[in-house]
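One structure below.
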Amino acid sequence: MRYMMFVVADPDAEAEAEPGEVTIEEWVADVDGRGKRIIGERLRPLSDATTVRVSRGQVLVTDGPFTESKEWICGFDILECEDLDEAIAIAARHPMASGGKLELRPFWPGEHA
């Protein structure tokens with residue numbers, strides 16, 4: 001099953017974070033080496049975000065993210081895992097699990113090749 005893993009920056013949690021077991025380079029090498037990561041990327045900062053929505057037939061474009069929050073999505077990974085337990089184990093080793101958050105969302109079944 002495929003999972004989208006959102007990497008969420010949380011400035012409040014970062015201040016309390018302890019160093020993780022692995023670096024991001026070690027985490028990527030491990031997960032890629034096991035064939036569990038389809039793709040992953042860092043995202044540009046919030047200042048580069050654009051929000052698009054349509055209201056009454058008019059396209060509305062605004063700078064910045066849709067919601068105002070101290071937290072923001074700073075990256076993502078698409079994981080291919082046997083089940084949620086495996087996805088959780090992979091996320092728990094990610095350096096941002098300490099000092100940030102990782103949100104896992106399964107894809108709808110049958111929606112990918």
Side-chain angles (χ1 to χ4, degrees):
M1 175 170 264
R2 284 193 180 173
Y3 291 87
M4 167 72 84
M5 183 176 74
F6 294 104
V7 180
V8 181
D10 180 350
D12 292 338
E14 282 182 37
E16 301 172 4
E18 297 177 16
E21 294 178 17
V22 297
T23 66
I24 190 64
E25 293 82 10
E26 292 168 331
W27 183 88
V28 168
D30 173 54
V31 178
D32 282 356
R34 293 188 288 137
K36 297 299 179 179
R37 191 172 82 116
I38 307 299
I39 187 172
E41 294 291 341
R42 289 176 45 200
L43 298 176
R44 303 269 313 160
L46 294 177
S47 58
D48 291 343
T50 302
T51 299
V52 179
R53 56 189 181 122
V54 176
S55 177
R56 296 185 175 135
Q58 185 175 12
V59 177
L60 305 172
V61 178
T62 55
D63 293 336
F66 178 70
T67 59
E68 291 189 32
S69 172
K70 287 193 230 176
E71 301 172 347
W72 64 92
I73 298 170
C74 62
F76 72 94
D77 293 278
I78 307 284
L79 306 174
E80 181 71 51
C81 300
E82 292 297 318
D83 53 28
L84 180 58
D85 290 336
E86 183 179 29
I88 290 170
I90 289 170
R93 287 199 37 140
H94 193 285
M96 287 296 287
S98 175
K101 294 186 214 180
L102 299 156
E103 179 181 329
L104 296 167
R105 293 241 196 120
F107 282 50
W108 285 105
E111 294 293 319
H112 62 275

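Quick caveat, the model's predicted, so the values are computed rather than measured.
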- Residues K101, E103: salt bridge by 4.0 Å N-O rule: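 No.
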What closest approach, in Å, do [X] and [Y] show between heavy atoms, and which atom pair accounts for it?
X: V7; Y: F76; answer: CG2-N, 4.2 Å
X: R37; Y: D77; answer: NH1-OD1, 2.9 Å
X: L60; Y: S55; answer: CD1-CB, 3.7 Å
X: A97; Y: A91; answer: CB-O, 3.7 Å
X: A9; Y: M96; answer: CA-CE, 3.8 Å

- Query: Does any pair with a residue in residues 16-47 pass ring-ring contact (aromatic ring centres under 6.0 Å, His included), and if so which ones, sequence neighbours excluded?
  - Reply: W27-H94
- Task: With the side chain counted from C-beta on, respond yes when I90 and L79 share a heavy-atom pair under 4.5 Å apart, and no when they do not.
- Result: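 With C-beta onward as the side chain, the pair touches.
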- Query: Members other than V59 in its cluster, when Ile, Leu, Val, Met, Phe, Trp, Tyr link by side-chain heavy atoms under 4.5 Å?
  - Reply: V52, V54, V61
Spacing of [atom1] belonging to [X] relative to [atom2] belonging to [Y], to within rounding of 0.5 Å:
X: I73; Y: F6; atom1: CD1; atom2: CZ; answer: 5.0 Å
X: I78; Y: E41; atom1: CD1; atom2: CD; answer: 11.0 Å
X: Y3; Y: D83; atom1: OH; atom2: CG; answer: 6.0 Å

- Would you check if the side chain of E82 reaches a backbone N or O of M1 as a donor-acceptor pair within less than 3.5 Å? no
- Message: The test is side chain to side chain contact (heavy atoms under 4.5 Å, CB included); show your working for W72 and L43 and say whether it passes.
- Response: CA-CA 10 Å; W72 64 92; L43 298 176; over 6 Å; no
- Task: Only pairs at least two apart or in different chains count here, so list each salt bridge (charged side-chain N to carboxylate O under 4.0 Å, His left out) that has a residue in residues 84-95.
- Result: K36-E86
